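Worksheet: the structure to be examined is printed underneath.
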Amino acid sequence: MDFSSTSDYRGDTEIGLNAGLIGFSTLFYGLRLFVRINMTKSPGLDDAIAGIAFLLLVLLSAADIHAVSLGGGAHISFIPEDILAKFFESLVIQTLIYFWVMAMVRFAILAFLPRLARDRNISVISWTVAVVISAQTVAAFVYRLTECMPIADTFKPPNEQGTNCIPENAHTRMMVGHGVVGVAVDAILLLLPIWVIYTKMMWSKKTLQIILILSVGVFAVTTGIIRVVLMKTRDYSVDITYEMPSLGIWTNIEGHVGLWCGCFPALQPILRIVPDKLKVLSTMSSNGNQAEKMGGHIATRKSVYEGSREHFNEVDSESQRAIVLAEMGSSEIPMRDRDASPV
């Protein structure tokens, strides 16, 4: 149903932002697969988990877009009762999907850590975080699903007569608690790879560049904090169809940005090669007389890159460490031999 003619309508913004998020996530995850399959020849468990997270994120954003046709972004006074009931049903489904979206995004990052270094302390921390994520997700999912008895009433409007549900403030406390734990986990997932690189790799300009790439995760942590603050400070019970989309957008941004942060480290070969090729093309276009010389230069670069890729496979065919090593100009990293991914 179209509510775009109602006053203060903002459903179009919700549609546009979700479409943009899906587009960027498709781009970054597609590039990640291209690098892992075609360039480094090292697809792994973290890529598979990230693929599940990507599919769930697309589903979550698509459900958010569909909710616009159910009144999302319009004042509740303009929504017919039958459409409003479908909106509440959609809202519950989105919340249940969200729990598993964030779990898969975080598991994908945990599964990436062994590519950087195999260290027993990191492995213990990773497994501990994995247990926390699992417990948090299952507990929140079951709690939300059973907030009303029978369970079918959970998908009905909260104030509908005859339903036996927990108070609204109890639901809010659960969601805030889930968000707070999520922010803490995201902060750990941000700091762990930075700590690995800082402590186990020779400090240089390249080290700083890699840390800056990983530091994009600060934005994911920030979006989680904003989401928790919104849940804690706003009253969504009065005009939920109009107010909830603002929270929904931050919810979706949190998940998509988390996926991007997990993809960026895998894109290092592209980040390294593309500037060099652009520099070569720029030089060739500005000085045609040096085409032969530049051709030799390109061939030399290609030879060096191919040789480096062969060395990557010899060092560790399933590890991102080789890419980082090339960036650092180092030949090895101290590591343990018997650590495994926590997921």
Side-chain angles (χ1 to χ4, degrees), residues 1-29 53-102 104-105 140 144 155-158 168 171-172 175-176 178-179 182-183 186 219-261:
M1 190 170 180
D2 186 10
F3 298 95
S4 59
S5 60
T6 60
S7 60
D8 301 325
Y9 178 76
R10 54 184 183 183
D12 290 341
T13 302
E14 192 171 1
I15 293 174
L17 286 174
N18 276 290
L21 291 173
I22 292 174
F24 279 112
S25 291
T26 302
L27 173 64
F28 293 138
Y29 183 65
F54 168 71
L55 293 176
L56 288 175
L57 279 166
V58 172
L59 180 62
L60 181 62
S61 288
D64 205 18
I65 292 173
H66 175 65
V68 172
S69 66
L70 303 176
H75 289 290
I76 194 170
S77 58
F78 299 112
I79 315 300
E81 289 296 328
D82 58 330
I83 301 297
L84 188 60
K86 294 180 180 179
F87 174 84
F88 280 109
E89 180 182 3
S90 174
L91 194 62
V92 174
I93 293 173
Q94 288 180 63
T95 303
L96 295 175
I97 295 174
Y98 163 76
F99 294 141
W100 292 105
V101 162
M102 296 310 302
M104 291 299 109
V105 167
R144 182 66 183 99
F155 299 89
K156 297 179 180 179
E168 185 65 26
H171 166 75
T172 302
M175 294 299 297
V176 170
H178 178 276
V183 169
D186 289 342
F219 186 60
V221 176
T222 303
T223 56
I225 294 174
I226 292 174
R227 181 175 175 275
V228 170
V229 171
L230 288 175
M231 286 190 295
K232 189 68 176 176
T233 58
R234 287 193 178 184
D235 182 8
Y236 295 95
S237 61
V238 178
D239 196 0
I240 188 170
T241 56
Y242 186 75
E243 295 292 342
M244 187 58 71
S246 61
L247 177 62
I249 284 298
W250 284 108
T251 298
N252 293 346
I253 289 175
E254 180 186 14
H256 282 277
V257 171
L259 177 68
W260 303 348
C261 293

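What you are looking at is a predicted structure, and each value in this text was computed from that prediction instead of being measured.
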message = Let me confirm one number: the CG-CG distance from L247 to N252, rounded to the nearest 0.5 Å.
response = 9.5 Å
ask   = Rounded to the nearest 0.5 Å, how far apart are SG of C261 and CG of D186?
value = 9.0 Å
task = Quick one: list whatever passes ring-ring contact (aromatic ring centres under 6.0 Å, His included) with H178, sequence neighbours left out.
result = Y98, F99
ask   = Do the non-hydrogen side-chain atoms of L57 and M104 ever get within less than 4.5 Å of each other?
value = no
inquiry  = My understanding is that only residues two or more places apart in sequence, or in another chain, count here; which of them pass ring-ring contact (aromatic ring centres under 6.0 Å, His included) with F24?
reply    = W260
remark   = Between the OG1 atom in T222 and the CD1 atom in I253, the distance rounded to the nearest 0.5 Å is 11.5 Å
message = For the backbone of A220 and the side chain of T223, can you confirm whether one donor and one acceptor N or O come within less than 3.5 Å of each other?
response = yes
key: Residue of the set T241, I15, D12, D2 for which side-chain contact (heavy atoms from CB on, under 4.5 Å) holds with V68   = I15
Validation row: E14, I249 side chains within 4.5 angstrom (heavy atoms) = yes
request  = For T13, check side-chain hydrogen bond (donor to acceptor under 3.5 Å, both in side chains) against everything at least two apart and list the hits.
outcome  = none
query = Got a sec, which residues hit ring-ring contact (aromatic ring centres under 6.0 Å, His included) with W250, two or more places apart in sequence or on another chain?
reply = none
ask   = Could you state the interatomic distance from CG (L59) to CD1 (I22), rounded to the nearest 0.5 Å?
value = 9.5 Å
key: M102 versus G255, closest heavy-atom pair with distance   = SD-CA, 3.6 Å
query = Applying salt bridge (Lys or Arg N to Asp or Glu O under 4.0 Å), which residue pairs with at least one partner in residues 244-259 are found, sequence neighbours left out?
reply = R106-E254
task = Identify the heavy atoms of R10 and E243 that sit nearest to each other, and give their distance.
result = NH2-CA, 3.7 Å
ask   = When rounded to the nearest 0.5 angstrom, what is the spacing between CG in L17 and CG in L21?
value = 6.5 Å
query = Heavy-atom distance under 4.5 Å between the side chains of T26 and F54, does that happen here?
reply = yes
key: Qualifying salt bridge (Lys or Arg N to Asp or Glu O under 4.0 Å) pairs, either residue in residues 76-89, two or more places apart   = none
key: Set of salt bridge (charged side-chain N to carboxylate O under 4.0 Å, His left out) partners for K156, sequence neighbours left out   = D153
task = For the residue pair P80 and I83, establish whether any side-chain heavy-atom pair is separated by less than 4.5 Å.
result = yes
message = Are the side chains of I76 and F87 in contact, using a 4.5 Å heavy-atom criterion?
response = no
inquiry  = Run the salt bridge (charged side-chain N to carboxylate O under 4.0 Å, His left out) test against D64 and tell me which residues pass, sequence neighbours left out.
reply    = none
request  = Check side chain to side chain contact (heavy atoms under 4.5 Å, CB included) between F78 and all other residues, then give those that pass, not counting sequence neighbours.
outcome  = T6, S7, H75
key: Nearest heavy atoms of D239 and A74, plus distance in Å   = OD1-O, 4.4 Å
Qualifying residues under side-chain hydrogen bond (donor to acceptor under 3.5 Å, both in side chains), relative to Q94, sequence neighbours excluded = S90
key: Heavy-atom side-chain contact between D8 and Y242 under 4.5 Å   = yes
remark   = T251 meets the side-chain hydrogen bond (donor to acceptor under 3.5 Å, both in side chains) criterion, sequence neighbours left out, with R227
message = With a 4.5 Å cut-off on side-chain heavy atoms, are F3 and I79 touching?
response = yes
task = List in chain and number order the residues that pass salt bridge (charged side-chain N to carboxylate O under 4.0 Å, His left out) with R144, two or more places apart in sequence or in another chain; answer none if no residue qualifies.
result = E147
request  = Over all heavy atoms of both residues, which pair between V105 and G258 is shortest? Give the atoms and the distance, please.
outcome  = CG1-C, 3.5 Å
key: OH on Y236 to OG on S246, rounded to 0.5 Å   = 4.5 Å
